[in-house]
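Note sheet for the following structure.
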Amino acid sequence: MSKIKKCLFPAAGYGTRFLPATKAIPKEMLPVLTKPLLQYGVEEAISADMDTMAIVTGRGKRAIEDHFDISYELEHQIQGTDKEHYLTEIRDVISQSTFSYTRQIEMKGLGHAILSGETLIGHEPFAVILADDLCDNDGEAVLTQMTKLYEKYQCSIVAVEDIPPEDSNKYGVIAGEFESDDIVRVNDMVEKPDPKDAPSNLAIIGRYILTPDIFDIIRDTKPGRGGEVQITDALLTQAKEGRVIAYKFKGKRFDCGSVDGFVEATNYFYDKTK
Ligand code: UTP
């Protein structure tokens with residue numbers, strides 16, 4: 001049985017909701033307290049026993065590559081000083097994983113960004129983290145919960161949560177048969193439906209485990225909502241064959257792609273330091 005070792009991070013979006021902050025740096029590098037969103041995501045993948053981080057970037061790629069690299073000048077400056085501990089976390093992250101990068105040349109949507117990562121993933125099941133969805137748990141990380149489910153089901157897994165019906169037009173929304181309180185065998189999914197057309201109140205958040213046949217499916221998926229190639233549309237093909245499980249994860253999720261969610265996450269993590 002193949003273990004999931006690779007995690008893909010689509011990080012090529014424009015992040016327009018955070019302009020002007022995202023004019024020259026990627027949204028995924030915005031910090032909650034002192035740590036960029038992307039580092040939280042990488043730490044979650046490491047805690048789920050993954051060691052290969054595949055990052056899809058667009059403009060502003062240098063800040064991401066530099067972050068997950070050694071800064072010799074900085075290391076030299078603070079080595080042996082009382083400030084050295086500030087680098088402990090990022091040093092740990094760098095030493096536990098490899099990082100590879102590719103560029104999404106045109107921003108044609110999340111499905112297209114994932115397809116751009118094919119060259120880094122190859123033919124094996126892999127995880128996807130959207131770093132602007134920041135998750136936190138007292139127990140197991142969301143991705144760890146999902147890899148355990150993958151071991152059982154051996155198919156694509158999407159993390160879902162209950163949303164207020166009026167928010168359905170911000171998410172991919174699923175429907176299907178409940179196998180237990182927190183597991184649904186998906187048979188329908190719609191990207192950003194109007195509330196009146198939403199098949200349920202269960203929305204996909206930024207955590208996926210995908211089987212590698214998804215790449216061929218995305219290649220055959222026509223642009224959908226907003227003229228973008230949607231991962232939800234590609235997953236529907238697998239769902240119709242009974243090959244997608246939706247999982248109501250345990251934990252908290254913050255939509256750090258929106259200013260409100262970002263501030264909420266900042267307050268939450270700040271309170272945790274007290
Ligand atoms: P969003 O829908 O949040 O889009 O993308 P965005 O461009 O980042 O932000 P706004 O809406 O303009 O403020 C969800 C995730 O998918 C990635 C983004 O980087 C983000 O992690 N993405 C989206 C890509 O990598 N490429 C795309 O073409 C679209």
Side-chain angles (χ1 to χ4, degrees), residues 7-32 36-42 44-45 53-65 67 99-121 126-135 142-143 158-161 163 167-173 189-193 203-208 210 214-215 218-219 221-235 253-265:
C7 188
L8 187 69
F9 295 86
Y14 289 119
T16 45
R17 284 169 290 172
F18 275 89
L19 283 169
T22 47
K23 190 167 171 232
I25 56 164
K27 173 172 71 174
E28 292 75 10
M29 288 303 292
L30 297 177
V32 165
L37 290 172
L38 191 53
Q39 188 178 333
Y40 285 94
V42 169
E44 184 178 332
M53 309 301 152
I55 303 178
V56 178
T57 61
R59 77 282 169 270
K61 132 183 167 148
R62 253 191 55 199
I64 295 180
E65 291 201 8
H67 187 73
F99 294 84
S100 52
Y101 301 88
T102 191
R103 274 198 182 204
Q104 185 186 12
I105 304 296
E106 291 175 281
M107 305 316 144
K108 291 192 196 160
L110 179 56
H112 181 260
I114 290 174
L115 181 59
S116 306
E118 181 181 23
T119 161
L120 305 175
I121 298 294
F126 62 102
V128 176
I129 289 184
L130 304 186
D132 49 358
D133 265 345
L134 180 50
C135 293
V142 177
L143 213 54
V158 296
V160 293
E161 73 177 14
I163 51 153
D167 284 350
S168 67
N169 57 7
K170 298 182 193 158
Y171 297 93
V173 178
M189 43 207 326
V190 188
E191 182 62 22
K192 300 190 174 71
I204 304 174
I205 63 121
R207 299 288 180 280
Y208 306 75
L210 300 175
I214 199 74
F215 293 125
I218 298 172
R219 250 187 289 280
T221 301
K222 301 215 159 47
R225 181 124 190 152
E228 296 189 332
V229 178
Q230 301 290 354
I231 188 62
T232 311
D233 295 337
L235 277 165
R253 193 241 355 161
F254 299 94
D255 173 14
C256 291
S258 74
V259 174
D260 284 350
F262 194 93
V263 171
E264 207 189 314

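Worth knowing before you read on, the calculation uses all heavy atoms, side chains too, and leaves out hydrogens, waters and symmetry mates. One-based numbering, in listed order, for ligands and for the atoms of each.
A salt bridge does not link Glu228 with Lys192: every distance from a Lys NZ or Arg NE/NH1/NH2 to an Asp or Glu carboxylate oxygen is 4.0 Å or more.
Between Gln104 and Ser116, the side chains place no donor N or O within less than 3.5 Å of an acceptor N or O (distance only, hydrogens not considered).
Under the 3.5 Å distance criterion, the side-chain polar atoms of Gln230 are matched with a main-chain donor or acceptor of Arg225.
Interatomic distance, CG of Leu38 versus CD1 of Ile55, reported as 5.0 Å (0.5 Å rounding). Rounded to the nearest 0.5 Å, atoms CD1 (Ile121) and CG (Leu8) are 5.0 Å apart.
Residues passing the side chain to side chain contact (heavy atoms under 4.5 Å, CB included) test with Thr22 are Phe18, Leu19, Lys27, Leu30, sequence neighbours excluded.
Sorted by chain then number, the residues whose non-hydrogen atoms approach ligand 1 to under 4.0 Å are Pro10, Ala11, Ala12, Gly13, Tyr14, Gly15, Thr16, Arg17, Lys27, Glu28, Gln104, Met107, Lys108, Gly109, Leu110, Ala113, Asp132.
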